[in-house]
2 protein chains.
Amino acid sequence: MKTILSFVILFFLALGLNADNGHQLWLRSKSSVPVQVICKKSSETLAIAKQELQQAWQGEAGQTVRLELIRDKQIAGDGFRLSAEGIQATTESGILYGVYELLRRQQTGKKIGEELVNPTWEHRLLNHWDNLDGTVERGYAGLSIFWRAGNDSLAVTEEDLKLWEEYARANASIGINGSVLNNVNASPKILSAAYLSRVKAIADVLRPYGIKAYLSINFASSMVIGGLSTADPLNAEVVDWWKAKAKEIYTLIPDFGGFLVKANSEGQPGPQDFGRNHVDGANLLADALKPHGGLVMWRAFVYNPSDEDRAKQAYNEFMPFDGQFRDNVIIQVKNGPIDFQPREPFSPLFGAMKQTSVMAELQVTQEYLGHSVHLVFLAPMWEEFLHSETWQEGEGSTVARTTDGSLFEQKHTAIAGVANIGLDDNWCGHDFAQANWYAFGRQAWDSSLSSEQIADEWLKLTFNQPAPEEMDAETVLPMEWDLNFLKPVKQMMLNSHEAAVDYMMPLGLHHIFAAHHHYGPGPWWAPKGMRKDWTPPYYHQADTEGIGFDRTASGSDAVSQYHEPLKAHFSNPETCPEALLLWFHHLPWDYQMKNGRTLWDELCYRYDHGVQQVRQFQKIWDQAERYVDPEIFGRVQHKLREQSLNAVEWKDACLLYFQQFSQRAIPYDLERPLNNLDDLIEKDERTIRAYE
Amino acid sequence: MKTILSFVILFFLALGLNADNGHQLWLRSKSSVPVQVICKKSSETLAIAKQELQQAWQGEAGQTVRLELIRDKQIAGDGFRLSAEGIQATTESGILYGVYELLRRQQTGKKIGEELVNPTWEHRLLNHWDNLDGTVERGYAGLSIFWRAGNDSLAVTEEDLKLWEEYARANASIGINGSVLNNVNASPKILSAAYLSRVKAIADVLRPYGIKAYLSINFASSMVIGGLSTADPLNAEVVDWWKAKAKEIYTLIPDFGGFLVKANSEGQPGPQDFGRNHVDGANLLADALKPHGGLVMWRAFVYNPSDEDRAKQAYNEFMPFDGQFRDNVIIQVKNGPIDFQPREPFSPLFGAMKQTSVMAELQVTQEYLGHSVHLVFLAPMWEEFLHSETWQEGEGSTVARTTDGSLFEQKHTAIAGVANIGLDDNWCGHDFAQANWYAFGRQAWDSSLSSEQIADEWLKLTFNQPAPEEMDAETVLPMEWDLNFLKPVKQMMLNSHEAAVDYMMPLGLHHIFAAHHHYGPGPWWAPKGMRKDWTPPYYHQADTEGIGFDRTASGSDAVSQYHEPLKAHFSNPETCPEALLLWFHHLPWDYQMKNGRTLWDELCYRYDHGVQQVRQFQKIWDQAERYVDPEIFGRVQHKLREQSLNAVEWKDACLLYFQQFSQRAIPYDLERPLNNLDDLIEKDERTIRAYE
């Protein structure tokens with residue numbers, strides 16, 4: 001027993017010495033190399049820029065770096081010119097972004113030449129689905145960093161200020177310049193004076209880092225907190241109420257960003273409740289904000305339990321309004337036509353609304369991708385989405401270009417990501433989920449960045465080569481670190497999204513999640529009386545004939561919402577990408593895939609491949625042990641095991657469930673199921689009961 | 001939905017048509033080939049013999065078979081002479097056993113020549129650990145077939161009689177000739193008149209099948225139900241009480257077999273409570289039974305929470321009494337010195353007690369081998385045990401020979417197996433657990449039978465080739481059945497015990513089970529104040545130096561209880577069989593195994609191999625689908641999945657727990673753990689709380 005005890009003590013000592021709770025994110029680099037920073041102007045923002053340079057400089061010792069505010073029409077908004085001598089920009093934010101870019105290049109070993117760097121989108125926002133009671137909808141990293149429950153919930157503490165500044169700095173370092181501070185399922189209370197004073201406190205901390213505060217608003221606010229009898233957007237009192245409210249906000253927060261609105265969607269109030277439409281609603285708010293320079297981001301996430309394919313509804317509802325919105329309205333559209341599934345085709349609204357500003361909403365928090373348990377690097381999914389060809393203006397009409405102002409006249413361009421941030425020490429629950437926050441910022445800044453480059457940057461910044469004295473025994477040489485850590489771990493990240501698609505819903509399957517929590521599998525879930533578009537069988541349509549949702553002309557004809565030649569490609573299973581096959585087609589179990597396998601066999605192989613991939617990730621990570629802080633190593637190892645077990649559950653649940661219809665054997669060269677279907681269903685039902 | 005419904009209906013129809021609940025055991029064969037049976041005598045037993053022949057004859061149509069009772073000194077007890085013409089025996093039971101052997105040979109395609117067949121042991125018993133309230137200690141196949149709770153618990157019903165007869169027939173068919181009807185942790189009530197009348201009813205059903213009824217008795221019965229103030233075996237009143245009780249029993253059941261006794265063991269009363277010893281106790285009962293021809297089976301399963309190695313205690317306690325027991329006492333010794341572990345060396349009492357009848361107690365019910373969930377064919381374990389060389393009388397002194405009368409003068413020889421039988425439709429919970437009942441009977445009859453032959457027989461009898469009209473689509477040809485079903489499934493059975501050893505406790509590890517239920521892993525379990533010989537750390541002795549129980553001269557010196565050259569072999573890790581290495585040695589983690597691996601690595605490979613083996617079993621079974629009744633197929637498939645998941649839990653729990661001590665990596669070419677140690681411990685604690 002003595003030996004065990006002393007081992008345990010040694011173990012905790014070791015932890016204490018090396019403990020890394022992940023709170024520093026990708027901003028770990030410290031340096032003692034002196035640098036001379038010259039900047040004629042001074043301001044809070046510029047002071048930050050100087051300080052960042054001084055504490056992380058890794059260039060030549062004693063070098064001079066000039067930060068210059070200039071006039072230059074080639075520099076757009078937050079952009080900058082980078083050179084070995086320094087940074088030129090037209091705004092203080094531009095200087096700051098230039099500094100972070102310069103430091104990043106030093107730390108990741110990239111060249112610094114003469115270069116003009118402009119962001120892809122003007123507004124690059126995080127949407128926080130944070131409730132005013134401190135909980136976070138679809139948040140898997142603890143409670144809200146902005147809101148809390150209890151009597152003192154509105155008092156601003158030193159800890160708040162410190163945390164908000166850390167948050168602002170992290171965002172600024174990757175180019176994020178806007179934060180929506182509360183959930184789109186918005187409490188009207190957010191617009192009350194008491195809450196606005198806390199919003200002001202947050203905005204004051206964000207401002208020097210170039211970040212604007214935005215709020216989600218409840219469309220019925222004029223009734224609930226305004227005391228009016230209506231929220232009808234054409235009612236004069238309502239119009240006045242919103243104008244006054246806007247003025248009140250801008251008095252507190254002169255650079256307030258604007259409103260994000262979820263209206264007439266999943267039970268939220270909206271203009272339709274008063275016989276009006278989305279245009280009436282959005283323009284009401286746009287008019288109120290316009291004098292102050294504010295924006296309205298109006299969400300297109302609408303669908304009703306009608307007979308119409310859910311995937312078609314947003315398009316059907318919004319297309320007729322194209323061209324009718326004010327120029328400070330942006331329609332915020334989720335990347336896919338359903339809801340942040342592991343894989344979706346792009347929403348057909350991208351590129352189709354040619355006279356309206358449209359922005360993409362991505363989900364950084366992993367609602368449908370294993371929460372903060374599964375290691376899933378999302379950059380490849382977003383890269384696939386942003387580079388999707390819409391054909392709306394001929395070849396090259398990628399989704400990114402339909403929203404960044406390069407194809408259409410857009411007064412404002414923007415992109416949003418639903419944040420994965422909470423009070424957890426490491427911000428994101430999973431240490432690798434930090435990479436998704438990082439990647440969102442980087443892709444929002446530059447849509448042409450490859451996932452590979454982003455992963456490379458993030459790994460180098462986050463797991464920077466430890467100093468020799470921090471290593472346990474042997475010195476890790478840079479070459480060895482590259483070969484044994486960077487290369488395999490990067491590959492793991494790059495493969496991780498496809499792996500999750502494979503073990504969750506390959507070949508275009510979608511929304512076969514367990515009810516409520518959207519974590520595990522639930523392809524069977526369809527309680528009596530439940531609206532069918534909330535049940536997995538609606539989406540997978542499995543029967544003894546086959547599987548998949550027929551969205552061709554013989555089915556819901558959702559394909560017709562896509563521009564040719566996409567429509568034709570998607571319509572024909574021979575030309576439809578296999579990754580989207582069951583999204584667009586209901587096909588027989590023995591449909592022959594391009595590799596010669598039957599559809600059923602291919603489904604089995606895909607699920608199995610997903611499982612084997614995660615097991616491979618475990619091996620990669622375990623072999624990386626000596627290069628990683630032991631606490632981080634342990635946390636990630638722990639979660640990879642859970643992911644691995646979950647992957648098997650996904651595979652077993654889906655294959656055994658679908659096998660009831662296919663009545664075919666799982667190919668015998670594949671690992672057999674480890675779980676019984678009835679056990680998995682029972683486990684699912686227990687979880688559902690806990691939610692209900 | 002309609003398609004699902006009709007599919008479900010079809011599914012249940014299909015089940016209904018083919019349903020096989022496994023109740024027929026290995027006695028499925030029916031035949032309409034006529035046979036002429038000639039037997040001069042008539043009796044209940046001979047009538048059964050004739051009927052069995054007539055309903056299952058697969059020889060030449062109209063052939064004549066003679067059943068003859070003869071005098072022949074070469075035929076021992078239940079033995080018989082077999083020939084193509086018929087069966088000769090000295091007892092009616094002998095005739096019946098001959099008939100079952102003849103039919104078995106027909107059904108399994110074996111030759112029938114002139115042959116003398118004698119059983120290895122005179123008494124071949126099942127011990128039922130059935131409590132009088134109907135529960136079964138360590139039973140995993142439902143409630144007791146003999147006892148039940150409630151007001152009518154002693155009323156004998158038609159269902160009882162039918163079930164007991166089926167039970168008797170199954171036993172007779174494999175040569176079992178004795179049944180201990182109640183738990184060794186015995187209620188004194190069993191000897192009350194009310195219970196004895198039910199015992200008589202059971203005995204009356206068993207008798208025509210050649211099976212004697214035995215009872216486990218509580219040593220304090222003379223006090224609890226006899227009203228005496230003592231159970232002192234030397235007290236005259238106690239002596240008289242037992243004599244009277246014996247007479248009472250034999251009046252009801254003239255062929256009553258005798259008593260099984262667990263005394264001064266795990267809290268049961270015994271002679272030591274009155275200052276006497278095992279000899280006094282056993283001889284008391286032996287004297288009472290002697291006039292009626294009854295036996296006493298006195299268990300040697302004794303150990304106390306002393307400083308002495310538990311593995312040594314039974315030997316230490318019983319050896320001094322060698323030669324002092326009456327000739328109708330048999331000392332019943334568990335196969336290993338601890339307690340029915342997945343693998344143990346044989347108990348050193350075998351062969352050491354040279355002037356006392358000794359019998360082996362095997363455990364058919366899988367207390368420590370996955371209950372009725374894991375597919376573990378026990379014949380190879382028993383074969384290994386029975387053929388273990390004790391060296392007590394030179395080479396060839398196998399355990400079997402130390403108990404079967406061929407080495408020592410024994411008035412009576414016997415072997416016992418703790419039954420795995422309950423009220424479940426299929427008797428044993430797991431369809432393949434029936435094979436263990438079968439194997440026990442067959443090995444008890446003939447200790448020279450190989451596991452391979454027993455598995456071959458059982459598979460042919462249990463899964464006899466279905467008639468073409470029963471097959472779903474295509475005719476299964478015998479050759480194909482042999483190749484695709486019999487061969488792989490037999491191999492699975494033969495590998496199954498070693499697989500379980502590997503994923504549970506390889507290399508001689510033992511008793512690292514979870515508390516109470518002995519199902520899952522619990523190497524960590526050692527609550528404060530618990531007697532240490534009931535905790536796994538006592539058995540595995542893992543520390544930062546190494547692992548294993550030192551039973552050499554430098555440790556507990558249990559090796560000295562074995563006869564040379566075994567003692568020397570076991571003492572030296574270089575000559576100790578690796579399968580028992582950690583049973584006898586505490587070795588450093590980097591101890592070099594014969595294959596060049598370190599001990600730690602080898603442990604990892606063994607655990608992993610166990611897991612991979614079960615996955616292989618799943619593949620074998622899934623590929624056997626078309627040859628097996630769908631209901632049986634589904635039941636076994638279901639349990640194999642659970643076993644497979646359990647195997648991973650075993651591996652993960654043990655390797656991650658031991659890794660805390662070894663501080664070495666699991667070799668990177670092995671599949672990584674799927675479970676986290678803390679999750680497994682928490683799960684274990686939840687289960688333990690449910691027991692406490």
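Inspection of non-hydrogen atoms places Leu670(A), Glu671(A), Arg672(A), Pro673(A), Leu674(A), Asn675(A), Asn676(A) of residues 670-677 of chain A under 4.5 Å from chain B.
Lys639(A) meets the salt bridge (Lys or Arg N to Asp or Glu O under 4.0 Å) test with no other residue; sequence neighbours excluded.
Taking 4.5 Å as the limit, some side-chain heavy atom of His638(A) sits within range of a side-chain heavy atom of Asp678(B).
For a residue to count as touching a neighbouring chain, one of its non-hydrogen atoms must lie under 4.5 Å from one of that chain's; by this rule Leu656(A) touches chain B with the side chain only.
Other residues, nucleotides and ligands place no more than 12 heavy atoms under 6.0 Å from the CG atom of Asp307(A).
Between Tyr668(A) and Lys619(B), the closest heavy-atom pair is O-CD, 3.4 Å.
Interface remark: of the candidates Gln618(B), Glu642(B), Gln643(B), Gln637(B), Gln618(B) forms the most heavy-atom pairs closer than 4.5 Å to chain A.
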